[in-house]
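Please read all numbers here as calculations on a predicted model, not as lab measurements. Note on naming: letters A, B, ... go to the chains in the order of the sequence lines (proteins, then strands), and numbering restarts at 1 for each one. The basis for the numbers below is simple: all heavy atoms, side chains too, and nothing from hydrogens, waters or symmetry mates.
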2 protein chains.
Amino acid sequence: MANRRGSKQREAILRILQSTDIHPTADWIYDQVRKVIPNISLGTVYRNLNLLKDEGLIKEVTIYGSSSARYDANLEPHHHFICLVCNSVYDLPVQDENVNVSHLVSGRDFKIKFVKLDIFGICDKCQAKEAN
Amino acid sequence: MANRRGSKQREAILRILQSTDIHPTADWIYDQVRKVIPNISLGTVYRNLNLLKDEGLIKEVTIYGSSSARYDANLEPHHHFICLVCNSVYDLPVQDENVNVSHLVSGRDFKIKFVKLDIFGICDKCQAKEAN
DNA sequence: GTAATTGCAAAAGATTTGCCCCATT
DNA sequence: AATGGGGCAAATCTTTTGCAATTAC
């Protein structure tokens with residue numbers, strides 16, 4: 001790993017990401033950091049998100065249908081529930097009984113490393129709204 | 001559905017997509033169509049991919065780590081296996097025993113509509129290469 | 001004839017990069 | 001002084017769009 005100096009920009013970005021669970025875009029993070037460091041640039045936000053990703057402190061999340069990358073500081077293994085109405089992304093902890101997928105590749109000589117599971121549907125809040 | 005006129009461009013794009021299983025990008029499709037219709041433009045490829053998607057004849061596929069959208073004419077429900085070495089995407093038919101995910105949202109009032117499952121690992125061909 | 005479709009080029013949106021200055025060691 | 005990091009703007013990449021010309025019905 002490259003030598004790394006402290007940087008209040010990078011620390012602020014990490015802190016913001018750790019304090020939310022909405023899996024924000026770089027742009028959303030940019031808006032938040034500017035409240036603390038008004039003259040920070042968007043390029044710096046992207047650069048530091050990539051650095052934090054390289055260090056393994058955050059993860060980049062690809063959500064189907066989202067035109068930009070989203071970021072996540074939740075390092076626990078988890079799945080995602082994506083609401084088709086409000087597009088919110090909820091974390092779902094991995095249960096003891098892990099999702100069993102080996103039967104899906106039976107007959108093929110594939111070595112499984114990890115699984116990415118996204119569940120799409122309607123969240124509680126949007127169901128309540130629809131009922132009105 | 002909007003009125004739609006025949007178009008040799010759209011037909012060629014669909015035929016190309018139906019004849020491959022590599023889940024290509026718009027750009028790859030563009031290269032292929034140009035062999036048949038040399039002066040077709042990339043804009044036309046994108047426009048027709050979106051029209052075909054609206055008609056439900058093809059699907060757009062979001063692959064984690066791929067910077068551009070990929071397209072798929074396989075309409076059967078299926079999962080994906082993505083090789084971490086060569087980035088190939090393989091289709092995995094949905095088995096009788098569907099992936100059970102309801103326990104993952106137990107305790108939450110979420111209505112599940114569908115599931116997107118990507119399995120990451122190393123494909124047979126790349127395992128063979130590594131062995132050398 | 002009319003409306004869908006095209007090619008082209010410009011625009012738009014997301015992300016990366018080059019460059020020069022500033023800050024930290 | 002050396003070097004990591006930042007700000008800014010330009011560049012890049014993917015995708016969309018406006019427009020005038022063409023084509024299918």
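For C:dT16, the OP1/OP2 oxygens have a side-chain nitrogen or oxygen of A:N50 closer than 4.0 Å. Note on B:N3: every side-chain N or O is 4.0 Å or more away from OP1 and OP2 of C:dT5. For C:dT16, the OP1/OP2 oxygens have no side-chain nitrogen or oxygen of A:Y46 closer than 4.0 Å. The shortest distance between the side-chain N/O atoms of A:R10 and the OP1/OP2 oxygens of D:dG5 is below 4.0 Å.
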query = Where along nucleotides 20-25 of chain D does protein come under 4.0 Å, by heavy atom, of base (B) or sugar-phosphate alone (S), with - for untouched nucleotides?
reply = ---BBS
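Put simply, CG on A:L42 is 14 Å from P on C:dT17, counting in whole angstrom units. In this structure, B:N48 places its CG atom 14 Å from C1' of D:dT15, rounding to the nearest Å. What separates OH of A:Y71 from P of C:dA14 is a distance of 12 Å, to the nearest Å. Atom CD of B:E11 is separated from atom C1' of C:dA4 by 14 Å (rounded to the nearest Å).
With 3.5 Å as the limit, one finds no donor-acceptor pair spanning the side chains of A:N74 and A:H23. Between A:H80 and A:D91, the side chains place a donor N or O and an acceptor N or O closer than 3.5 Å (distance only, hydrogens not considered).
Listed by chain and number, the residues in a side chain to side chain contact (heavy atoms under 4.5 Å, CB included) with B:I29 are B:I13, B:L17, B:P24, B:V33, B:V45, B:L49, B:Y71 (sequence neighbours excluded). A:R10 pairs by the side chain to side chain contact (heavy atoms under 4.5 Å, CB included) definition with A:R4, A:S7, A:N48, A:L51, A:L52, A:E55, not counting sequence neighbours. For the salt bridge (Lys or Arg N to Asp or Glu O under 4.0 Å) test, no residue two or more places apart in sequence or in another chain qualifies with A:K113. The ring-ring contact (aromatic ring centres under 6.0 Å, His included) check on B:Y90 picks up A:F110, with sequence neighbours excluded. By the side-chain hydrogen bond (donor to acceptor under 3.5 Å, both in side chains) test, B:Q18 pairs with no residue at all, sequence neighbours left out. When the side-chain hydrogen bond (donor to acceptor under 3.5 Å, both in side chains) test is applied to A:D31, the partners found at least two apart in sequence or on another chain are A:R34. Not counting sequence neighbours, B:S106 has no partner by the side-chain hydrogen bond (donor to acceptor under 3.5 Å, both in side chains) test. Under the side-chain hydrogen bond (donor to acceptor under 3.5 Å, both in side chains) criterion, B:T25 pairs with no residue at all, not counting sequence neighbours.
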Look for any protein N or O under 3.5 Å of an N or O in nucleotides 10-12 of chain C and output each such pair with its distance, or none.
none

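When distances run from any side-chain atom of A:A69 to the nucleotides D:dC8, D:dT15, C:dT15, the shortest one goes to C:dT15. The side chain of B:T44 approaches C:dG7 more closely than any other nucleotide in the set D:dG6, C:dG7, D:dT14. Out of D:dC19, C:dA14, D:dC8, the shortest distance to the side chain of B:R47 is found at D:dC19.
Scanning residues 27-40 of chain B for heavy-atom distances under 4.0 Å to DNA chain C yields B:N39, B:I40.
The hydrophobic cluster around B:F114 extends to A:V61, A:I63, A:Y64, A:I82, A:L84, A:V89, A:F120, counting ILVMFWY residues whose side-chain heavy atoms fall within less than 4.5 Å of a member.
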